[in-house]
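Encoded as structure tokens, the structure appears first; notes follow it.
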Amino acid sequence: MEEEARKLNFLEEIIEDDLKSGKVESILTRFPPEPNGYLHLGHAKSLCINFGLAQKYGGKTNLRYDDTNPTKEDTEYVDAIKEDIKWRGFQWEKECYASDYFDQLYEWAEWMIQQGLAYVDDQTQEQMRENRGTVDTPGKNSPWRDRTPEENLKLFREVRDGKYADGEKVRRAKIDMAHPKMEFRDPIMYRIKHAHHHRTGDKWCIYPMYDYTHGQSDSIEHITHSICTLEFDVHRPLYDWYIKTLGIYPSHQYEFARLNLTYTLMSKRKLLELVQKGLVAGWDDPRMPTLCGVRRRGYTAEALKMFCEKIGVSKRDQLMDIQLLEWCVRQDLNARANRYMVVSDDPIKVTLTNWPAGQVEWYDCPLNPADPEGAKRKVPFTGELLIDRADFMEDAPNKFFRLKPDGEVRLKYTYIIKCNELVKDAEGKVIELKCTYDPSTKPGSGEWRSVKGTIHWVSTAYAKELELRQYDRLFTLADMSQVPEYMDYKDFLNPESLVIAKGYAEPALLEDKSGIAVQFERVGYYIIDKDSTSEHPVFNKTTALKDSYRPE
RNA sequence: UGAGGUAUGGUGUAAUGGUAGCACUACAGAUUUUGGUUCUGCCUGCCCAGGUUCGAAUCCUGGUACCUCAACCA
């Protein structure tokens with residue numbers, strides 16, 4: 001046990017060393033989303049690292065919005081991000097915005113010009129691209145590179161004051177156009193954007209780039225450990241360069257491998273596209289891998305926490321099997337999700353021919369079988385029932401344990417019944433099963449008899465129609481053997497590639513119209529309300545569920 | 001042909017010079033009033049080649065593969 005706890009990932013080692021050596025007194029991390037989309041499963045990992053590490057070592061975490069690109073950002077996202085972080089169970093120390101630092105950043109920018117460390121460039125985007133060179137050929141200096149500090153300052157102020165149009169000029173750091181690291185070939189610090197910012201409004205028409213903003217923001221807040229994903233590792237030298245050049249608080253950046261999940265899209269850009277094209281109902285569509293999406297799907301914050309603890313932290317590219325996530329969800333839900341019996345639409349009627357007419361028996365069924373002494377629900381049993389069509393098969397193979405002609409099955413919590421006769425309609429479709437029940441098999445009376453199958457049922461007399469507007473698991477519970485690995489979102493949108501996992505037993509959360517959470521123990525039922533605006537053919541199915549559940 | 005990063009079963013992650021462990025998955029079996037859960041069993045691994053050493057996943061040398069970087073995105 002204790003040895004288990006002693007295993008540290010590389011970030012924990014770094015932090016412990018820094019704490020031990022006195023390099024820092026306590027740690028301060030930050031979670032820096034750009035408010036241009038909703039948080040997804042990948043962010044769950046980042047959240048767990050940035051907040052979790054601080055928590056573990058008695059430090060704090062700032063929530064900082066990286067809002068340096070006004071054309072992509074919006075307060076809708078700012079609010080949604082906060083909500084998701086809270087749902088996940090984390091509390092930030094300070095709520096910060098990169099835009100809070102625009103004035104300071106600008107001051108530093110003028111100072112750099114005065115030091116001859118930056119210049120205004122008149123090249124077009126194309127010229128700049130050409131002159132930047134490639135990974136194995138050096139770049140060429142801009143013809144405007146040697147403007148005097150005075151001229152640069154004058155120009156820069158004119159740019160700031162809006163004398164130029166978008167793209168006309170750009171502000172660059174003067175480093176080295178032949179540098180082997182592409183990031184050092186005179187990186188752009190400011191670009192002109194006559195755009196309305198969600199916080200600073202129209203105050204600025206120039207906006208700083210990520211590289212010129214992030215390190216300084218960390219520094220201003222005195223972030224001790226700035227932890228980000230691997231693709232930023234090539235930026236670290238530049239991060240350090242700005243901090244060193246400006247002589248400000250030395251925050252340090254560390255990188256870990258971002259999370260990828262099999263069969264799952266984890267790109268904000270593509271998720272945004274799904275939303276914008278109306279291919280999903282929104283960012284919180286349960287098919288989406290967003291935190292609000294999986295939340296509607298029934299995932300719990302605890303399950304996500306468990307998952308993040310299991311996947312570990314390293315610098316190797318990580319493609320996690322989504323089955324581990326699902327295992328975590330089941331693990332969590334299995335212990336505490338309430339269970340209700342349910343049949344999906346198009347059920348089969350079962351008539352018990354030897355049941356005393358009009359008789360009703362009530363059963364106390366546990367809300368959670370794992371806790372048989374816990375809360376109960378009352379379920380009425382009568383001589384006319386409905387069962388799920390999938391629980392009956394006329395020409396059943398040997399391995400089919402549910403109801404078949406002349407076969408026996410246990411109705412969950414009640415009697416064993418035997419199927420004696422099929423009733424079919426004109427098309428030959430089975431519409432009713434005439435069965436007999438075995439009175440001696442009533443639970444609690446006499447000897448217990450076992451049969452292979454146990455199925456759900458509802459009493460037609462008491463069945464309550466419950467219209468649900470949430471469908472469930474269409475995406476992640478698709479039969480994985482049917483879809484190619486790395487299923488692209490285009491395939492995702494192709495209904496042919498989706499196979500609903502029928503009978504996959506897992507507790508799930510669904511919501512009815514009034515927003516009440518109802519949990520069923522078998523999923524594979526997908527439900528959508530009649531008013532659904534989704535254009536996706538798979539989802540345009542109206543399903544009314546019948547449930548034996550009777551509130552109080 | 002540049003710079004940076006990473007290599008341990010199918011997937012992910014431990015072992016820091018001393019028997020390659022754990023989890024998920026797959027498979028097999030037991031239990032089961034959910035074909036769930038639980039329990040048991042089981043297959044599969046140190047990128048390659050040299051070297052140092054009594055002993056190497058670990059140290060050294062040389063290869064190889066994969067990822068990231070050439071947005072006025074973050």
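- If A/V135 and A/R236 are placed on RNA chain B by their nearest nucleotide, the residue sitting closer to the 5' end is A/V135.
- Residue A/P237 is out of contact with every strand shown, counting any heavy-atom pair closer than 4.0 Å.
- Using a cutoff of 4.0 Å between basic side-chain nitrogens and carboxylate oxygens, A/E361 and A/K442 are scored as salt-bridged.
- Base orientation of B/A20: anti, the glycosidic angle falling outside 90° of 0.
- Of the candidate nucleotides B/G2, B/U13, B/C72, B/G2 has the atom nearest to the side chain of A/P180.
- Between A/E183 atom CD and B/A3 atom P the separation is 13 Å, expressed in whole Å.
- Side-chain proximity of A/R330 to the nucleotides B/U25, B/G4, B/A70 is greatest for B/U25.
- The residues A/E34 and A/K72 are annotated as not salt-bridged, no charged nitrogen and carboxylate oxygen being separated by less than 4.0 angstrom.
- Using a 30° and 60° split on the angle between ring planes, A/Y207 and A/F102 fall in the perpendicular class, above 60°.
- At the heavy-atom level, A/T68 lies under 4.0 Å from the strands shown only through sugar-phosphate atoms.
- Considering only the side chain of A/L324, B/A23 comes nearest among B/C73, B/A23, B/G12.
- We find that CD of A/E326 is positioned 11 Å from P of B/A26, with the value rounded to whole Å.
- Across the interface with RNA chain B, nearest-nucleotide mapping of A/Q318 and A/R191 shows A/Q318 to be the residue nearer the 5′ end.
- Going from the C1' atom of B/C48 to that of B/A65 covers 10 Å, rounded to whole Å.
- In this structure, the nucleotide among B/C69, B/U11, B/U13 sitting nearest to the side chain of A/D321 is B/U11.
- Across B/A70, B/A74, B/A23, the shortest atom-to-atom separation from the side chain of A/K310 is found for B/A23.
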Represent RNA chain B in dot-bracket notation, 5' to 3'. Only Watson-Crick or G-U wobble pairs with both distances under 3.5 Å count; pseudoknot-style crossings use [ ] and interstrand partners use |. .((((((..((((....[..))))..((((.......)))).....(((((..]....))))))))))).....
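- The same atom, P, is picked in B/G45 and in B/G21; the two are 12 Å apart, to the nearest Å.
- Using atom C1' as the reference point in both B/U53 and B/C59, the two lie 10 Å apart (nearest Å).
- Of the candidate nucleotides B/C24, B/A74, B/G5, B/G5 has the atom lying nearest to any side-chain atom of A/K315.
- At the heavy-atom level, A/K268 lies nowhere under 4.0 Å from the strands shown.
- Among the heavy atoms of the strands lying under 4.0 Å from A/F400 is at least one base atom, whether or not backbone atoms are also near.
- One can place CG of A/D211 at 11 Å from C1' of B/C69, the figure rounded to the nearest angstrom.
- Considering only the side chain of A/E34, B/C73 comes nearest among B/C73, B/A70, B/G2.
- Rounded to whole Å, the distance from CG on A/N260 to C1' on B/G10 is 17 Å.
- Between A/D438 and A/R449 there is a salt bridge, with a side-chain nitrogen of the basic residue lying less than 4.0 Å from a carboxylate oxygen of the acidic one.
- Aromatic ring centroids of A/F307 and A/Y299 lie 6.0 Å or more apart.
- A/Y38 has its ring centre less than 6.0 Å from the ring centre of A/Y77.
- Using modelled atom types and a 3.5 Å distance limit, the side chains of A/D211 and A/H235 yield a donor-acceptor pair.
- In this structure, A/R172 atom CZ and B/C72 atom P are separated by 8 Å, rounded to whole Å.
- For the pair A/R132 and B/C72, the criterion of a side-chain N or O lying under 4.0 Å from OP1 or OP2 is met.
- Distances from the side chain of A/K193 to the nucleotides B/A3, B/C73, B/A70 place B/C73 closest.
- To the nearest angstrom, C1' of B/C69 lies 10 Å from CZ of A/R185.
- Taking the C1' atoms as reference points, B/U64 lies 30 Å from B/A26, given to the whole Å.
- Each of B/A70, B/G12, B/A14 was ranked by its minimum atom distance to the side chain of A/K7; first place goes to B/A14.
- Salt bridge absent: A/R30 and A/E221 never bring a charged side-chain N and a carboxylate O closer than 4.0 Å.
- Using a 4.0 Å cut-off between charged side-chain N and carboxylate O, A/R64 and A/D218 make a salt bridge.
- We find that NZ of A/K452 is positioned 8 Å from P of B/A30, with the value rounded to whole Å.
- Using modelled atom types and a 3.5 Å distance limit, the side chains of A/T29 and A/T61 yield a donor-acceptor pair.
- Residue A/T137 is classed as having no contact, given no heavy-atom separation below 4.0 Å to the nucleic acid.
- Between B/U44 and B/U52, the distance separating the two P atoms is 32 Å to the nearest Å.
- Listed nucleotides B/U13, B/A74, B/A26 differ in distance to A/Q323; the shortest reach to its side chain belongs to B/A26.
- If you check every strand for non-hydrogen atoms under 4.0 Å, A/Q127 touches nothing.
- A donor-acceptor contact under 3.5 angstrom links the side-chain atoms of A/H235 to the base of B/A74.
- Salt bridge status for A/E95 with A/K82: present, with a side-chain N to carboxylate O gap under 4.0 Å.
- Between A/D371 atom CG and B/U38 atom C1' the separation is 16 Å, expressed in whole Å.
- Here, B/G17 and B/A28 have their C1' atoms 39 Å apart, quoted to the whole Å.
- Ion pairing between a basic and an acidic side chain is recognised when a charged N comes within 4.0 Å of a carboxylate O; A/D176 and A/R185 show no such pairing.
- Salt-bridge formation is not detected for the pair A/R132/A/D186: no Lys NZ or Arg NE/NH1/NH2 atom is positioned less than 4.0 Å from an Asp or Glu carboxylate oxygen.
- Proximity of residues 225-233 of chain A to RNA chain B (heavy atom under 4.0 angstrom from any strand atom) is restricted to A/E231, A/F232, A/D233.
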